[in-house]
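Working notes for the structure below.
FYI, the numbering just counts along the sequence from 1.
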Amino acid sequence: MTHQYELMVILNPEIDERQVAPNLDKFLKVITNGGGSIENVDIWGRRRLAYEIQKKNEGIYAVVNFTATSDVTNELDRQLGLNEQVMRTKVLRAEEAIAMIASEKQRADEKAARKAARPAKAVKQDA
């Protein structure tokens, strides 16, 4: 059974940015060879990492939306994990990604509502 997935990859920042798409294509062949399809490849480029990974502060981010079976997706994740140029990967089923975004938005909205409900601090006035 096929599902929609979202893959986020963080590549080593020492790769020439022109080589990112060809490097990704090698891995994405696993999907197409397994009968899946690739809907979108979005290369975000070089970004600062939230925390250091492999003694690096930057990485090249790419997000891929695709449809495949879970076996093909597991094989893709395995191959990405073996490559030295790949610093991190995260594969989510599209439903999970949408649910995560919705819960984050709800959390942010609740936090904003709590902040707005707090009484404003009294401003001291000189007499």
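- Tested against I38, the residues L28, L7, T67 include a single side chain to side chain contact (heavy atoms under 4.5 Å, CB included) partner, L28.
- If you chain together hydrophobic residues whose side chains sit under 4.5 Å apart, L92 and V9 never meet in one group.
- If you take CD on Q19 and CG on L24, they are separated by 11.5 Å, rounding to the nearest 0.5 Å.
- Note: Q85 CD to E14 CD = 8.0 Å, rounded to the nearest 0.5 Å.
- Taken from CG in D109 to CZ in R114, the straight-line distance is 11.0 Å, to the nearest 0.5 Å.
- Listed by first and then second residue, the ring pair (Phe, Tyr, Trp, His ring centres under 6.0 Å) pairs involving residues 4-27 are Y5-F66 (not counting sequence neighbours).
- Hydrophobic clustering of Ile, Leu, Val, Met, Phe, Trp and Tyr side chains at less than 4.5 Å, counting indirect connections, keeps I43 apart from I10.
- The side chain to side chain contact (heavy atoms under 4.5 Å, CB included) test applied to R46 returns P13, E17, E58, I60, not counting sequence neighbours.
- T73 and A68 get closest at one heavy-atom pair: OG1-CB, 4.0 Å.
- Residues Y61 and V63 fall within the same hydrophobic cluster, defined by Ile, Leu, Val, Met, Phe, Trp and Tyr side chains chained together at heavy-atom separations under 4.5 Å.
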Output side-chain donor-acceptor pairs under 3.5 Å for residues 48-56, partner residues at least two apart or in another chain, one line each.
none

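- Taking the side chain as every heavy atom from C-beta outward, M1 and T69 never approach each other to under 4.5 Å.
- Grouping the Ile, Leu, Val, Met, Phe, Trp and Tyr side chains by contacts below 4.5 angstrom, directly or via other members, places V72 with V86.
- A distance of 7.0 Å separates CG of N83 from CG of N23, quoted to the nearest 0.5 Å.
- A search for side chain to side chain donor-acceptor pair (under 3.5 Å) contacts involving K115 returns nothing, not counting sequence neighbours.
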- Going through the distances and angles, do V91 and E6 end up as a side-chain contact (heavy atoms from CB on, under 4.5 Å)? CA-CA 6 Å; V91 180; E6 179 176 282; over 6 Å; no

- Given the rule in the side-chain contact (heavy atoms from CB on, under 4.5 Å) test, do L76 and I31 qualify, once you have shown the distances and angles that lead to the verdict? CA-CA 7 Å; L76 171 68; I31 296 168; 3.7 Å; yes

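- Remark: R107 pairs with E104 by the side chain to side chain donor-acceptor pair (under 3.5 Å) rule, at least two apart or across chains.
- Sorted by first and then second residue, the pairs that involve residues 69-79 and meet salt bridge (Lys or Arg N to Asp or Glu O under 4.0 Å), not counting sequence neighbours, are E75-R78.
- The salt bridge (Lys or Arg N to Asp or Glu O under 4.0 Å) pairs that include a residue from residues 25-44 number zero, where partners must be two or more places apart or lie in different chains.
- Legend: residues meeting salt bridge (charged side-chain N to carboxylate O under 4.0 Å, His left out) with R18, ordered by chain and number and at least two apart, are D16.
- Listed by chain and number, the hydrophobic cluster partners of L82 come to none, as no ILVMFWY side chain reaches under 4.5 Å of it.
- Using a 4.5 Å cut-off between side-chain heavy atoms of Ile, Leu, Val, Met, Phe, Trp and Tyr, with links allowed through other members, M87 and I15 fall into different hydrophobic clusters.
- The structure places NZ of K111 at 15.0 Å from CD of Q106, a figure rounded to the nearest 0.5 Å.
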